[in-house]
Each structure stands twice: as C-alpha cells, then as structure tokens.
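Remarks on the structure that follows.
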2 protein chains.
Amino acid sequence: MKDDKSNNDVCEITVIHQDVVDKVKKLMPEEEKLYDLAELFKIFGDTTRIKILCALFESEMCVCDIAATLGMNQSAVSHQLRILKQSKLVKHRKEGKVVYYSLADDHVIKIFDQGFSHIEE
Amino acid sequence: MKDDKSNNDVCEITVIHQDVVDKVKKLMPEEEKLYDLAELFKIFGDTTRIKILCALFESEMCVCDIAATLGMNQSAVSHQLRILKQSKLVKHRKEGKVVYYSLADDHVIKIFDQGFSHIEE
DNA sequence: TGAATATATGAATATTTGTTCATATATATT
DNA sequence: AATATATATGAACAAATATTCATATATTCA
C-alpha cells in the first residue's frame with residue numbers, strides 16, 4: 001500500500017506521502033507573502049472594522065459620524081481607523097478640525113463581495 | 001458652514017452630519033451579516049491557516065503531510081483544520097486511518113487573489 | 001490669547017485565540 | 001485480542017488584540 005520512501009521521520013513528524021510534501025513545498029508562495037496576506041485578512045476579521053468599511057462604501061464620513069453610525073465611542077473608532085489607514089485600506093483628508101475618511105481603492109469591495117458570496121451559500 | 005440640524009448628541013456622541021449618518025445607517029447590511037463576514041475573514045487572518053489553504057491549492061493532502069509541509073506538529077494542524085472545516089472552506093474524505101483534506105470550493109482562491117492584488121501594490 | 005471641539009494616542013484591562021501537552025478515538029495489522 | 005498508528009480533542013498557558021479611560025494635539029472662533 002505504501003511505497004518504500006514514503007514513511008520517513010522529519011523532526012518527529014510522520015510523512016506518508018513524501019512526494020506530495022516535496023511538490024507542495026516547492027509550489028507554496030514564500031513565507032513573507034503568506035504572512036502579509038494573513039495580516040491583511042486579520043484587518044477584515046473584526047466586526048468594528050468591517051462596519052467602518054461598510055459605512056465608507058456608502059459615503060465619505062468624519063470620525064464622529066462613523067462613531068454615531070456604529071454606536072461606538074470616538075476613541076474606539078479612531079483606534080480602528082488608524083489600523084485601516086496603516087493597511088492602506090482607507091484614506092483621509094482634513095478640513096479644519098474635521099477628518100474625513102473614505103475607501104482607498106476598490107479592492108476592499110471586491111474582497112467583501114467574495115466573502116459575502118461564500119457565506120451566502 | 002454647518003447647517004442647523006447637524007449638531008446633535010446621540011448617546012454622548014457628537015454628530016456633525018446627521019443626514020449622512022441616517023443615510024448610511026439605512027444602507028448598511030444587517031448586523032448579523034457583517035458579523036458573519038468578519039468571522040469568515042478571521043479564518044484567513046492566521047498564518048497557519050493561510051498556509052494550510054495554500055498547500056491545499058496544490059494538492060489534496062493528509063494531516064501528517066500538511067504538518068510536515070508546514071513544519072508544525074500534528075495537533076496544531078488538526079485544530080486548525082477543524083476550524084477550516086467548520087467554516088466549510090475545506091472538505092475531507094477518510095481512507096482507513098488517513099484523512100485527506102482538500103479545498104471545499106474556489107471561493108477561497110478568489111478571495112486570496114483579491115488579497116494578493118491588494119498587498120502587491 | 002483663551003476656550004471649545006474634533007481627533008489621536010498611550011496605558012491598562014479584559015477577552016480572544018493559537019499552540020502545546022496529554023490523551024481519546026478509530027482503523028489496520030499481526 | 002493486542003498493538004501500532006493517524007487523527008481528533010480537551011485543558012492549560014501564552015500571546016495578541018479590542019475597548020475604555022484619560023489625556024494630548026490641532027484647529028477654530030471669540
């Protein structure tokens with residue numbers, strides 16, 4: 001059933017199909033890229049940030065309006081906006097004391113759409 | 001600069017543009033849907049799970065082969081596979097003692113592609 | 001210049017979550 | 001039936017992270 005070279009031990013891990021392991025290892029994207037990808041999705045993995053992004057789909061908004069829309073305090077929203085800004089998912093412009101946030105590009109919308117189509121099955 | 005009805009207080013939150021807040025509140029998807037979406041993206045927000053999914057892009061694999069490919073122990077991989085299974089991102093078939101995992105559908109690939117195209121800018 | 005206000009941010013706290021370890025379950029083999 | 005092995009899983013621990021509170025910064029207006 002198992003061919004000769006398929007039962008090895010690598011760092012105490014049993015390997016059943018060495019050929020598959022070798023092939024997949026070669027084909028996998030580099031570590032750093034996968035890390036960055038996980039970091040990006042982590043941003044979307046929080047209800048508050050999802051809500052902020054959804055709100056910005058509809059309209060450019062200032063911080064206190066976002067807070068009012070979500071029923072959260074200004075500080076919490078501001079902290080999350082900083083994270084969204086760092087990931088280049090939102091951009092902002094300042095008009096006097098008021099800072100207006102909007103979506104940086106339409107990647108966000110595309111990613112959301114794919115997400116929605118998965119959960120709606 | 002500010003029109004009359006635009007300076008209210010709702011639950012101690014200052015609102016500058018009541019019209020925008022009202023409009024966006026109406027257009028936002030329902031709470032539960034946004035929660036589910038965040039839950040889905042949370043799954044992708046972990047390097048181990050990203051790696052598992054990437055590995056499964058290339059080939060159906062059993063648990064110990066995945067563990068060997070990622071250089072992780074069997075238990076950690078198994079825990080993560082359970083999460084991926086629960087979210088219907090992977091499916092599995094059993095062949096004797098060995099359980100083979102593969103991608104459930106191609107939503108994952110599409111979501112990944114969008115993610116990659118965002119970080120590669 | 002001084003008061004008011006919109007936003008940002010550091011620190012503390014509470015919660016969530018990933019990994020490890022030990023062990024249970026299920027299947028195959030002798 | 002007993003043993004070996006592939007996988008699953010509960011509990012404990014450690015690390016990451018979201019929110020709150022207090023306060024700082026920046027801008028406007030009087």
Side-chain angles (χ1 to χ4, degrees), chain A residues 1-2 6-17 20-21 35 38-39 41-52 60-68 70-87 90-101, chain B residues 1-2 6-17 20-21 35 38-39 41-52 60-68 70-87 90-101:
Chain A
M1 208 55 71
K2 302 164 186 172
S6 67
N7 241 332
N8 299 343
D9 263 44
V10 179
C11 304
E12 296 181 17
I13 298 167
T14 309
V15 173
I16 299 184
H17 313 87
V20 173
V21 171
Y35 177 82
E39 287 303 301
F41 286 126
K42 207 172 281 182
I43 310 283
F44 294 101
D46 174 78
T47 313
T48 299
R49 288 190 293 264
I50 285 278
K51 285 179 184 170
I52 292 176
E60 176 187 71
M61 293 179 92
C62 72
V63 178
C64 62
D65 288 345
I66 296 174
L70 307 196
M72 300 185 63
N73 71 45
Q74 175 270 322
S75 179
V77 170
S78 199
H79 276 295
Q80 297 308 330
L81 282 169
R82 183 168 46 80
I83 293 173
L84 293 170
K85 213 186 322 179
Q86 282 169 349
S87 315
V90 303
K91 59 182 189 236
H92 66 290
R93 70 183 175 85
K94 204 165 180 179
E95 201 170 281
K97 282 175 298 192
V98 183
V99 179
Y100 292 93
Y101 284 86
Chain B
M1 210 52 71
K2 302 166 186 174
S6 68
N7 242 331
N8 300 343
D9 264 45
V10 179
C11 306
E12 298 182 15
I13 298 166
T14 309
V15 173
I16 299 183
H17 312 87
V20 173
V21 172
Y35 178 82
E39 288 302 302
F41 285 126
K42 207 172 283 182
I43 309 284
F44 294 101
D46 174 78
T47 312
T48 299
R49 287 189 293 265
I50 286 277
K51 285 179 185 172
I52 292 176
E60 175 188 70
M61 292 179 93
C62 73
V63 178
C64 64
D65 288 345
I66 297 174
L70 308 196
M72 300 185 64
N73 72 44
Q74 174 269 321
S75 178
V77 170
S78 199
H79 276 295
Q80 297 308 330
L81 282 169
R82 183 169 45 81
I83 294 173
L84 293 170
K85 214 188 319 179
Q86 282 168 351
S87 317
V90 303
K91 59 180 189 240
H92 65 291
R93 72 183 173 85
K94 205 165 177 179
E95 201 170 281
K97 286 175 294 191
V98 182
V99 179
Y100 292 91
Y101 283 86

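Quick caveat: nothing in here was measured; it's all calculated off a predicted structure. Naming: A, B, ... by sequence-line order, numbering from 1 per chain. Any value given below was found using the heavy atoms of this structure, including those in side chains, with hydrogens, waters and symmetry copies removed.
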For B:V99, check side-chain contact (heavy atoms from CB on, under 4.5 Å) against everything at least two apart and list the hits.
B:H92, B:K94, B:Y101
Listed in order of residue number, which residues of residues 42-52 of chain A have a non-hydrogen atom at under 4.0 Å from DNA chain C?
none
Give the nucleotide from the list [options] with an atom nearest to the side chain of [X].
| X | options | result |
| --- | --- | --- |
| B:I16 | C:dT20, C:dA6, D:dT20 | C:dA6 |
| A:H79 | C:dA28, C:dG18, D:dC21 | D:dC21 |
| B:K97 | D:dA8, D:dT20, D:dA6 | D:dA6 |
| B:V98 | D:dA26, D:dT7, C:dA6 | D:dT7 |

Just call it for B:Y100: base, sugar-phosphate, or nothing, with non-hydrogen atoms closer than 4.0 Å on any strand.
nothing
Sequence-distant partners of A:F44, ring pair (Phe, Tyr, Trp, His ring centres under 6.0 Å), two or more places apart
A:F112, B:F41
Establish, with yes or no, whether the OP1 or OP2 oxygen of [N] is under 4.0 angstrom from a side-chain nitrogen or oxygen of [X].
| X | N | result |
| --- | --- | --- |
| A:Y101 | C:dA6 | no |
| A:Q80 | D:dT17 | no |
| A:K94 | C:dT7 | no |

Angle between the end axes of the helix from C:dT1-D:dA30 to C:dT30-D:dA1, five pairs per end, to the nearest 10 degrees?
20°
Rounded to the nearest 0.5 Å, how far apart are CD1 of A:I50 and CG of A:L70?
12.0 Å
Distance in Å, A:L81 CG paired with A:I52 CD1, rounded so as to fall on 0.5 Å steps
4.5 Å
Write down the protein N/O and nucleotide N/O pairs, taken from nucleotides 22-24 of chain D, whose separation is under 3.5 Å; answer none if there are no such pairs.
none

Which residues pass the side chain to side chain donor-acceptor pair (under 3.5 Å) test with A:Q74, not counting sequence neighbours?
none
